[in-house]
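The next block holds one structure in the form of structure tokens; read it before the comments.
For reference, positions follow the sequence shown, starting with 1.
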Amino acid sequence: MQASDRFNINSQLEHLQAKHVGTGHADLNRFEWAVNIQRDSYASYVGHYPILAYFAIAENESIGRERYNFMQKMLLPCGLPPEREDD
């Protein structure tokens with residue numbers, strides 16, 4: 001692998017990370033990564049009607065109520081963020 005190939009791969013990765021928020025970066029901690037995964041999952045559930053209908057039937061709720069519940073869970077999907085240690 002040549003140096004130019006390595007630079008090209010890194011520039012493609014930086015472009016991908018700038019374009020899509022959930023792809024992460026070097027300074028992303030575990031909590032932020034988990035929040036991105038959970039929000040992406042909830043957004044997928046809300047955006048795909050058959051999955052939303054499946055959850056509604058499984059929980060014996062209306063589809064609108066399930067959509068509302070998923071949207072509410074997107075606010076704090078993993079609870080409050082942990083306390084940061086100041087150096």
Please say yes or no: joined through hydrophobic side-chain contacts below 4.5 Å, possibly via intermediate residues, are Tyr54 and Tyr49 part of one cluster? no
Listed pairs under 3.5 Å, donor-acceptor, residues 41-48 side chains, sequence neighbours left out:
residue, atom, partner, partner atom, Å
Ser41, OG, Ile37, O, 3.0
Ser44, OG, His48, ND1, 3.3
His48, ND1, Ser44, O, 2.8

If you look only at distance, which donor and acceptor atoms sit under 3.5 Å apart when one is on a side chain in residues 69-78 and the other is two or more places apart or in another chain?
residue, atom, partner, partner atom, Å
Asn69, ND2, Arg65, O, 3.4

For a side-chain contact (heavy atoms from CB on, under 4.5 Å) with Phe55, tell me which candidate from Glu61, Glu66, Arg67 qualifies. Glu66
Partners of Asn29 by side-chain contact (heavy atoms from CB on, under 4.5 Å), sequence neighbours excluded? Phe31, Glu32, Arg84
